[in-house]
Amino acid sequence: MTHALSLAEEQLRQAVHAAAERAMAAGELPEAELPPLTVEIPGDRSHGDLATNAAMSSARALRLPPRRIAEVILAHLQLENTCLERAEVAGPGFLNFFLSPAFYASVVRETLEQGTAYGRSDFGGGKRVMVEFVSANPTGPMHMGNARGGALGDCLAAVLDAAGYDVWREFYINDAGNQIEKFGLSLDIRYQQHFLGAQAPELPEDAYHGDDIRAHAEGYAALHGDGLLKTSEEERRRTLVAYALPLNIEKMKRDLEKYRIVYDEWFHESRLHDSGEVNEVIRLLSDKGLTYEKDGALWYKASENGGEKDEVLVRANGNPTYFAADIAYHRNKFRRGFDTCIDVWGADHHGHVARMKGAMDAIGLDGEKLCVVLIQLVRLMRDGEVVRMSKRSGKAIQLADLLDEVPVDAARFFFNMREANTRMDFDLGLAVEQSASNPVYYVQYAHARICSIFKKLAGEGVVPRSCSDGELRRLSAPEEKELIRHLAGYPGEIISAAKAYDPARIPRYCTELATLFHKFYNACRVKGADEALTQARLSLCAATRHVLKNALTLLKIDAPEAM
């Protein structure tokens, strides 16, 4: 699907190349092959709508000053039957182009015709991409890092889907290894304490001390009594984990669904152990001479494959490490046919990136196809003060607490307003404020305002109709053109967000679109004495409403019709 702006850019490239060829044929430029053209949008639109540095980039090949090359190309430029109205030379040799009224009309028409599909493209070519995100430890509640990672990962997946990739969302459940053993120990002791009181063992300092552990132990006791006291420690812990872990996972699913996140698969780490894939990857590394024994453990030569130091694969007690399972998991991902695997991790996993990429290379896969988005910490703020505890529970704020306090729309929008690699402050007061100061409210209000315009005019007997190209070309006020140019940029914004793994571009785009719409609405009277211009402006309002709704829907945020 070719959009108006990308079409205009391609027409610019073709026009410049054709002009250069004509100049060469006329002997005004030496015969040479020109390098690929770069087309950009100038920061100052008074300098033009599109610009190319073709003259500068071809100066070496043509052995002429860039300004001279630009002037010759300009003299041979033919812009008939394009979306480009005129061009001029600027500075040391930039060629600046101005879009024609036909371009502005085509953007409005294209937006209206494509409707909910506007913005989508086939840029990704259907390549299969997995986005694995949140993957919180299932032994306890989800925290603020999970809240940010959830919103960011889900919106990244949506952006990739809109850009033409075949996207798969996955949650990795760490239901094996040390943390599950610690989970079982913690449940076991709380269970014993429930029945034995002071005679029961003390809970170790490094065990899980949360209220949820006590609640699970008491829940099991209420259902099944003290029968586990008569069993072995191993059976007691295994039984308590089998009871509590599914409850934790179900709560995670409920909380994330409330957050509007639904996964294609919840992948269990235990599956890798049960299938033998963990042992298989250990054997594979050993066969390649990438392991050695030390202190009774089996080590992987990570330092030879991108890591800062060697890593234990199998502990002295014979149990594989989390790192071994993680290699097996990523191998499993690629064996399922994904072209790219994207992990959304906390910034504290920074050191894990190189060693995991290196491990993929070591087992014969391409580590460059594993991409990691690192998310920085979030500070919750209220009235300028850092908030660490939930008002309700007096404990550290969890994802569920946040969603009880602020609307899901605000949480998803706020967490996607900053690039993943920047720290952010989440203002709890601002997130619930119903004013233009609240970014998500400001954007949603723009959508509701457009709906209100149509409703009001319908009450006055003004019914929108299709406009001719001639009528749409009358949208020539500076505020109209600025708004239309921004609408034209939406498909490219999605592609840029997909290329950079940066969904923060979409909230920023929405905020700017809302600003430009309010600016247009204040400067250009929608209903006037001129019926044709009224209809053209209604078409522009409708196009803006489409794009606002499409962008908000991409973020899984409501686009209200009234506020």
Side-chain angles (χ1 to χ4, degrees), residues 1-45 47-111 113-114 118-125 163-164 469 472-473 481 484-496 499:
M1 189 182 296
T2 302
H3 296 285
L5 186 58
S6 57
L7 176 62
E9 291 173 349
E10 184 55 33
Q11 288 176 344
L12 185 156
R13 289 187 182 92
Q14 291 177 4
V16 170
H17 271 295
E21 288 173 0
R22 282 190 289 273
M24 290 176 191
E28 295 179 43
L29 288 178
E31 292 281 345
E33 185 175 340
L34 300 185
L37 303 186
T38 299
V39 180
E40 296 176 340
I41 297 174
D44 183 350
R45 267 319 195 359
H47 295 162
D49 300 309
L50 296 171
T52 179
N53 66 345
M56 275 95 83
S57 63
S58 58
R60 175 174 292 183
L62 298 176
R63 298 186 300 280
L64 287 171
R67 176 89 188 186
R68 174 60 184 155
I69 296 169
E71 288 169 346
V72 173
I73 289 175
L74 181 65
H76 287 271
L77 210 55
Q78 294 178 5
L79 299 179
E80 297 81 6
N81 302 316
T82 72
C83 294
L84 306 165
E85 186 173 48
R86 61 187 174 87
E88 59 185 35
V89 177
F94 286 104
L95 277 163
N96 293 339
F97 290 77
F98 295 81
L99 296 164
S100 69
F103 170 82
Y104 292 97
S106 71
V107 172
V108 176
R109 185 171 302 286
E110 176 187 319
T111 307
E113 288 176 351
Q114 293 184 11
Y118 183 71
R120 300 188 66 85
S121 71
D122 58 2
F123 172 80
D469 282 346
L472 292 176
R473 290 184 191 200
K481 293 170 75 172
I484 295 170
R485 285 195 300 264
H486 199 64
L487 295 176
Y490 180 58
E493 202 64 45
I494 291 177
I495 290 171
S496 295
K499 287 165 70 174

Heavy-atom check, side chain of [X] versus side chain of [Y], under 4.5 Å:
X    : Y    : value
L5   : F103 : yes
R473 : S100 : no
R45  : R485 : yes
N53  : P66  : no
V89  : I73  : no
M24  : L34  : yes

Among residues at least two apart in sequence or on other chains, which ones pass side chain to side chain contact (heavy atoms under 4.5 Å, CB included) with A26?
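Per chain and number, A26 pairs via side chain to side chain contact (heavy atoms under 4.5 Å, CB included) with E28, H76.
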
Just wondering, more than 12 heavy atoms not from N81 lying within 6.0 Å of its CG?
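Not buried by this count: 12 neighbours or fewer within 6.0 Å.
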
Atom CZ of residue position F94 - does it have more than 12 heavy atoms of other residues, nucleotides or ligands inside 6.0 Å?
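Check fails, neighbour count at 12 or below.
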
Counterpart residues, ring pair (Phe, Tyr, Trp, His ring centres under 6.0 Å), relative to F97 (two or more places apart):
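F97 satisfies ring pair (Phe, Tyr, Trp, His ring centres under 6.0 Å) with no residue once adjacent residues are dropped.
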
Excluding sequence neighbours, so at least two apart, what forms ring pair (Phe, Tyr, Trp, His ring centres under 6.0 Å) with H486?
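By the ring pair (Phe, Tyr, Trp, His ring centres under 6.0 Å) rule, H486 matches Y509.
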
If you measure from [atom1] on [X] to [atom2] on [Y], what distance do you get to the nearest 0.5 Å?
X    : Y    : atom1 : atom2 : answer
I494 : Y118 : CD1   : OH    : 9.0 Å
L12  : H17  : CG    : NE2   : 10.0 Å
L74  : R86  : CG    : CZ    : 11.0 Å
E9   : D49  : CD    : CG    : 11.5 Å

